[in-house]
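Every heavy atom of this structure was used, including side-chain atoms; hydrogens, water molecules and symmetry mates were not. In the text below, chain A, chain B and the rest are named by the order of the sequence lines, each starting its count at 1.
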Protein chains: 2
Amino acid sequence: MNSKVTLKDVADYVGVSTATVSYVLNGKQQSISDETKEAILSAVKELGYYPNMNAKELASNRSQLIGVVVPQTEGDNKSVFANSFYGEILGSIEREARQQGYQVVISCADLDDNYIRIAYERNLSGIIAIGVYQDGILSKLSETKIPVVLIDSYCKTKDFDNVRIDDEQGSYLATSYLIRNGHRRIGFLCGHIQENGVMQKRFQGYRKALEKAGINLNPQWVFERKVSFEEGRLAAAYIAKALPEMTGLVCTADVMAIGLMKGLHTYRVTVPEDLSIIGFDDLEIANYLEPGLTTVHQAIAEKGAKAFDSLLNEIRGNSRQQDIVLPVSIIERESVKELK
Amino acid sequence: MNSKVTLKDVADYVGVSTATVSYVLNGKQQSISDETKEAILSAVKELGYYPNMNAKELASNRSQLIGVVVPQTEGDNKSVFANSFYGEILGSIEREARQQGYQVVISCADLDDNYIRIAYERNLSGIIAIGVYQDGILSKLSETKIPVVLIDSYCKTKDFDNVRIDDEQGSYLATSYLIRNGHRRIGFLCGHIQENGVMQKRFQGYRKALEKAGINLNPQWVFERKVSFEEGRLAAAYIAKALPEMTGLVCTADVMAIGLMKGLHTYRVTVPEDLSIIGFDDLEIANYLEPGLTTVHQAIAEKGAKAFDSLLNEIRGNSRQQDIVLPVSIIERESVKELK
DNA sequence: CTTAACTACTTAAGCGGTTAAGCTGAGTAT
DNA sequence: ATACTCAGCTTAACCGCTTAAGTAGTTAAG
């Protein structure tokens, strides 16, 4: 670990050229005698040589760096990583990347021109972007030819792989679950539908499930707010007013459902007696609430892992434009009551 | 954004040497006429030139990359980023870094030799490491001369800045709060004390507060477990047995307190009627539970921000070996009952 | 005995920047 | 007229590595 042992130092030490050392270290096609190989390898150990990645990447025009971009804010001013959903995705991407010898550079500042500049400057070999809903930036990204995989994105631009869950199905299952439990007057608490493709799909699922059961959708019972604990809590004021007529509610995010449950307490409405609630995401915390939150499960960590797999494929020049859809399922806990 | 516009391209376009362009772009001391400056700047725009960071860092031997290292696992097999405590710190570091033109490379694999290698290879200009309790690796890091700032670390090695809260004081406050509320038979649920400096300090605080109030510490009521929701839940079995004698409990992590509350439900013990609980960290979720979790607040995001500030100072060659201690305070919610 | 085909290397030209040192010509001092 | 200064550049070495192309020595084939 002595400062600055270079390839040249190793080469001199062994008495060969830097090219030979480079070939040995990178296992290229060149034929090198076993003696020389061993001599080089042990010199590397002895001298404590480590490659200079900048030089390596500059010379080879490849890089072992990938970027992960998350939205700047979701709901409030906190970093989105404070939301364990993003944290878990990030963690699983990093784990996969590390195993493959890649490092992860993060940015919590949305996918914007600034980020594209960085990706470009750093010669990132790939980008994973979470929750992008604007086509504009994607077409710019497309020009850079950097491999990109999106997570939970709904865009017209179809140049990229996309890993997501079946959002519509999730919402459909959630709504149907309430219906199966005897509910017919079911509300919907969600993020802003216009700006957010995920919310659009989930709204579709809700709509279709109602339709199939012959229930009219009541627009008064669709509550759009930002996605956060606090906004969920604040929604309680409006939702309480819809009671007792409304008996069930589909929430498109566990965080909103959790905030809501807290907020409802103020209005003395208890879950699930006065209102059945079903969440979405199955965050770890959902299992530790009282009552436990019945919710739509998605394999969060798997999303990250799958995204990295796809990215690696693209980096290696394989496949393109896949839409990878992970399954969802209902996790039954205690926040939904069966209506007789 | 056309592929590979280099400094040379800009220089040729304007009709000057690459040196001149470099001087203009980096604002160095060299005197350059305004005309030339403007010509270069507009050529940069026109051609869509972006520097190649690898080349830049190679030539200048500086880098705009910092590393953030978190422990591999805490409690269970999930990525620690799923714990919003770490997520929030990471987010705040990234925000600060971005504003200063730095990028953040993450690693969730503990601070180990492998990471030091990466730091070295990548020429990281600094490292922020969270929750390091082993001196061995720190002395190795010390040799590399890379600026390092630790967060929540308690190590003998005093070569580095350390940002933390007053853990002992936090625990002391928490315990005193229970005492002030009439509790005298107070338990302690914590992480493994031996392996974890933070837990040691918090245990001290608990001990001292009891001592000051003339209360004997009952070792039976000290529950050591891993720090996670699930381990908190599992602890309920043992803690329930200590009731009704024990009336209050200090938890050294909100996640444990939350898991515990869930677990206690199974044993039909209610909080705070049957047991008063005070947490530690003031995670966002603490405010959205029912009952709201009374807890020791720490400014999590600020920890990250302060750590980056310190790091930047060191990178710039200023100050060394500061111990930055952020304040703690009690947030009163509803999980503690006043005993008559 | 040539020639071809290997093996086991070396040479050297980059990759895209930085930066110390040098050069040039106009302006000023002597 | 001569020397000095200094603004405004240029030159070129270098950062540490990759890699196409070349070379020498051996062995096998014709």
Open item on the list: So if I take every side-chain heavy atom of T20(A) and compare against dT10(D), dT10(C), dC15(D), which nucleotide ends up nearest?
Closed with: dT10(C)
Open item on the list: Rounding to an integer number of Å, can you tell me how far L25(B) CG sits from dG16(C) P?
Closed with: 16 Å
TODO: To the nearest Å, give me how far apart OH (Y50(B)) and P (dG16(C)) are.
DONE: 17 Å
Task: Presence of Y49(A) side-chain N/O under 4.0 Å of dC17(D) phosphate oxygens OP1/OP2 - done: yes
Open item on the list: With nearest nucleotide decided by heavy atoms, which residue, K37(B) or T18(A), maps closer to the 5′ end of DNA chain D?
Closed with: K37(B)
Open item on the list: Taking the nucleotide of DNA chain C with the nearest heavy atom to each, does E35(A) or N54(B) sit closer to the 5' end?
Closed with: E35(A)
TODO: Among the candidates dT19(D), dC17(D), dT18(C), find the nucleotide nearest to the side-chain atoms of S60(B).
DONE: dT18(C)
Open item on the list: Within the 4.5 Å heavy-atom criterion, are F308(B) and Q100(B) side-chain neighbours or not?
Closed with: yes
- [ ] With the side chain of A19(B) defined as its heavy atoms from C-beta on, choose the nearest nucleotide among dA12(D), dG16(D), dT10(C).
- [x] dA12(D)
TODO: Describe the nucleic acid contact of T6(B) in one word from base, sugar-phosphate, nothing, applying a heavy-atom distance below 4.0 Å.
DONE: sugar-phosphate
Task: OP1 or OP2 of dG16(C) under 4.0 Å from side-chain N/O of R122(A) - done: no
Task: Interatomic distance where CG belongs to D9(A) and C1' belongs to dC15(D) [whole Å] - done: 13 Å
- [ ] Let me know the distance between CG of D12(B) and C1' of dG16(C), rounded to the nearest Å.
- [x] 13 Å
- [ ] Identify whether any heavy atom of N26(A) sits under 4.0 Å from a base atom; if not, whether one sits that close to sugar-phosphate; answer base, sugar-phosphate or nothing.
- [x] sugar-phosphate
TODO: Starting from C1' on dG16(D), measure out to CG on L47(A) and report it in whole angstrom.
DONE: 15 Å
Open item on the list: Heavy atoms only, 4.0 Å cut-off, all strands: where does S33(A) land among base, sugar-phosphate and nothing?
Closed with: sugar-phosphate
- [ ] When you get a sec, tell me which of dT18(D), dT18(C), dA12(D) is the closest nucleotide to the side chain of L7(A)?
- [x] dT18(D)
Open item on the list: Within the supplied structure, the quantity of interest is the number of heavy atoms (other residues, nucleotides, ligands) at a distance under 6.0 Å from Q99(B) CD; does it exceed 12?
Closed with: yes
Open item on the list: With a 4.5 Å cut-off on side-chain heavy atoms, are L41(A) and L25(A) touching?
Closed with: yes
Task: Candidate nucleotides dT18(D), dC9(D), dT19(C), ranked by approach to the side chain of S22(B) - the nearest - done: dT19(C)
Open item on the list: Closest approach to the side chain of S31(A), judged atom by atom: which nucleotide of dC15(D), dT7(C), dT10(D) is it?
Closed with: dT7(C)
Task: Side chain of N52(A) - closest among dT10(C), dC17(D), dT18(C) - done: dC17(D)
Open item on the list: Quick check on dT19(D): is either OP1 or OP2 less than 4.0 Å from any side-chain nitrogen or oxygen of R62(A)?
Closed with: yes
Open item on the list: Is it the case that the base of dA20(D) and the side chain of Y23(A) share a donor-acceptor contact (distance under 3.5 Å, atom types as modelled)?
Closed with: yes
Open item on the list: Using 0.5 Å steps for rounding, measure from the CD atom of Q64(B) to the CE atom of M53(B).
Closed with: 5.5 Å
Open item on the list: Base, sugar-phosphate or nothing for N61(B)? Non-hydrogen atoms, less than 4.0 Å.
Closed with: nothing
Open item on the list: Tell me which one of L141(B), V149(B), L311(B) satisfies side-chain contact (heavy atoms from CB on, under 4.5 Å) with F160(B).
Closed with: L141(B)
Task: Steps toward side-chain hydrogen bond (donor to acceptor under 3.5 Å, both in side chains) verdict (T20(A), S17(A)) - done: CA-CA 5 Å; T20(A) 305; S17(A) 71; 3.2 Å; yes
Open item on the list: Pick the closest DNA chain D nucleotide for A55(B) and for G15(B) by heavy atoms, then say which residue is nearer the 5' end.
Closed with: G15(B)
Task: Whole-Å distance separating the CG atom of N123(A) from the P atom of dG17(C) - done: 11 Å
Task: Length of the line joining L58(B):CG and dG14(C):P, which is rounded to integer Å - done: 17 Å
Open item on the list: What is the separation between atom CD on E38(A) and atom C1' on dA8(C), rounded to the nearest whole Å?
Closed with: 16 Å
